[in-house]
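To start, the structure itself, in structure tokens.
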Amino acid sequence: MLQQTTVVAVVPYFERFMTRFPTVQQLAEAEESEVLKQWEGLGYYSRARNIHKAAQIVSSQLGGIFPSDVAGLQELPGIGRYTAGAIVSFAYDKRAPIVEANTLRLYARLLGYDGDPRSKEGQQVLWSFAEAVLPKTQPGRFNQALMELGASLCSPKLPDCEQCPVSGFCRAFRDQTQLEIPQLAKRAVITDVTEASIAVRRNNAYLLRRRTTGERWAGLWDFVRFELAAATTDDVPHIVESVHQRTGLKIDLGPQLAELKHGVTRYRITLKCFVADSVAGTLRDGEEWQWVKAAKFDDFALSVTGRKFAKLLAESLF
DNA sequence: AAGACGGGGCC
DNA sequence: GGCCCAGTCTT
């Protein structure tokens, strides 16, 4: 859960997740849909599928016992070099280096490494340093202490070098280059896109589609949804036709109910939300569809925008 | 090596 | 509005 996600965001998810799946066996036996439901809103949903698969491997192939070495742990889906090192050092208190966001910043600054820390060379430099500084005693506590130092005093924008216990060894402090290091690559440019989301209604239930592998939000449910070309954002016949192509259903499109803004990966999405009545046609094969009453939306793991739309829908019924 | 993958918090 | 977060996997 903590991969690329702040502790503050994770804590409530962690609490609920551990309550729902207290043992690796219970996680392994759960349906993937249930795991995704618990993960709903946290993002990076491949992590949920990976931890579920990993639990199944540990439970069925490893006798319920986690590997206690880095190589063995890295065999499990979703566990890379950092997570493996973290488990080995924190849980088993064995010597294993770690480099993640906090220690990456701390080590790059200590070394005065001004290259790209994520490049092959940068990774080599930082992991070697992480290995070299690791003590024989209490390596787990050592790793956690340095992560905490990176997260607190050695912060990205406002490092408190005056209070830092290792500023005497820090080349970035000596050179006053703290704010130039680490030299992280810029994020990809953001592209604006407009999408339509249509809650197609029939017999007091709404049409949901399970998003498939290869799509964003794979495994989550969503209303009928597609991108709108700039020229067609207010073109009602075009939307009606697109829904027909997508679902096989003829619809009577209602007014736009809401417009949601949502940033995701390298897109800023403007989502136009409509309600429509299905008046004819049969549902297309090859997709996972379900008609769901508003009261049952909570049983489905929805995308964040799908969830917001569902909430609006439920409220508008009053 | 570069991209994809999410969502929220902070300034 | 941009930056960043207890990374990993795919292409």
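In this text the structure is predicted, and so the values were computed from the model without any measurement. Lettering follows sequence order; numbering is per chain, from 1.
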Any idea which of C:dT8, C:dC5, B:dC5 is nearest the A:Tyr82 side chain? C:dT8
Looking at the side chain of A:Val304, which of C:dC5, B:dG7, B:dC5 is the nearest nucleotide? B:dG7
Will you find, in the side chains of A:Gln245 and A:Ser242, an N or O donor that is under 3.5 Å from an N or O acceptor? no
Check every strand shown and say whether A:Ile98 touches a base, only sugar-phosphate, or nothing at a heavy-atom separation below 4.0 Å. nothing
Between atom CZ in A:Arg47 and atom C1' in C:dC9, what is the gap in whole Å? 13 Å
Closer than 4.0 Å, any side-chain N/O of A:Arg118 to the OP1 or OP2 of B:dA2? no
With DNA chain C as reference, determine whether A:Gln74 or A:Lys186 sits nearer its 5' end, using the nearest nucleotide of each. A:Lys186
Output the single nucleotide from B:dC5, C:dT8, C:dC5 whose closest atom is nearest the side chain of A:Pro156. C:dC5
Under 4.0 Å, heavy atoms only, any strand: does A:Tyr267 hit a base, just the sugar-phosphate, or nothing? nothing
Side-chain donor/acceptor of A:Tyr82 to backbone N/O of A:Pro97, under 3.5 Å: no
Would you call A:Asp69 and A:Lys94 a salt bridge, using N to O less than 4.0 angstrom? no
Once you apply a heavy-atom cut-off of 4.0 Å, does A:Ala101 come out as touching a base, just sugar-phosphate, or nothing? sugar-phosphate
Taking only N and O in the side chain of A:His262, is any of them less than 4.0 Å away from OP1 or OP2 of B:dG7? yes
Of the options A:Arg225, A:Arg210, A:Arg209, which is the one that meets A:Glu215 in a salt bridge (charged side-chain N to carboxylate O under 4.0 Å, His left out)? A:Arg209
Starting from P on C:dG7, measure out to CD1 on A:Ile87 and report it in whole angstrom. 13 Å
Aromatic ring proximity A:Tyr44/A:Trp39, centre distance under 6.0 Å: no
Whichever of A:Lys157 and A:Ala84 has the more 5' nearest nucleotide on DNA chain C, that residue is A:Lys157
Taking OP1 and OP2 of B:dG7, is either one under 4.0 Å from a side-chain nitrogen or oxygen of A:Tyr45? yes
In this structure, how many angstroms lie between the P atom of C:dT10 and the CG atom of A:Asn50, rounded? 8 Å
What's A:Gly41 touching, base or sugar-phosphate or nothing? Going by heavy atoms closer than 4.0 Å. sugar-phosphate
Closer than 4.0 Å, any side-chain N/O of A:Gln3 to the OP1 or OP2 of C:dG7? no
Send over the distance from A:Ile269 CD1 to B:dG8 P, rounded to a whole Å. 13 Å
Could you give the distance separating C:dT8 and B:dG9 at their C1' atoms, to the nearest angstrom? 23 Å
For the P atoms, the ones on C:dT11 and on B:dG6, what distance do you get once it is rounded to whole angstrom? 15 Å
OP1 or OP2 of B:dG7 versus the side-chain N and O atoms of A:Trp217: is any pair under 4.0 Å? yes
Given A:Asp298, which partner from the list A:Lys293, A:Arg307, A:Lys37 fulfils the salt bridge (charged side-chain N to carboxylate O under 4.0 Å, His left out) test? A:Arg307
What is the separation between atom CG on A:Asp192 and atom P on C:dG1, rounded to the nearest whole Å? 9 Å
Take atom OH of A:Tyr13 and atom P of C:dC5, then tell me their distance rounded to the nearest Å. 20 Å
Would you tell me if any nitrogen or oxygen in the side chain of A:Ser46 comes within less than 4.0 Å of OP1 or OP2 on B:dA4? no
Determine the contact category for A:Thr83: base if any of its heavy atoms lies under 4.0 Å from a base atom, sugar-phosphate if only primed atoms, P, OP1 or OP2 are that close, otherwise nothing. sugar-phosphate
Does a distance-only test, which skips hydrogens and angles, find a donor-acceptor pair under 3.5 Å between the side chain of A:Thr5 and the base of B:dG6? yes
Length of the line joining A:Arg105:CZ and C:dC3:C1', which is rounded to integer Å: 12 Å
Pick the closest DNA chain B nucleotide for A:Gly263 and for A:Ala188 by heavy atoms, then say which residue is nearer the 5' end. A:Ala188
A:Leu179 has an atom CG; how far is it from atom P of C:dC4, in whole Å? 11 Å
Heavy atoms from C-beta onward define the side chain here; which of B:dC5, B:dG7, C:dG7 lies closest to that of A:Glu100? C:dG7
What residue among A:Phe300, A:Tyr45, A:Phe309 forms ring pair (Phe, Tyr, Trp, His ring centres under 6.0 Å) with A:Trp221? A:Phe300
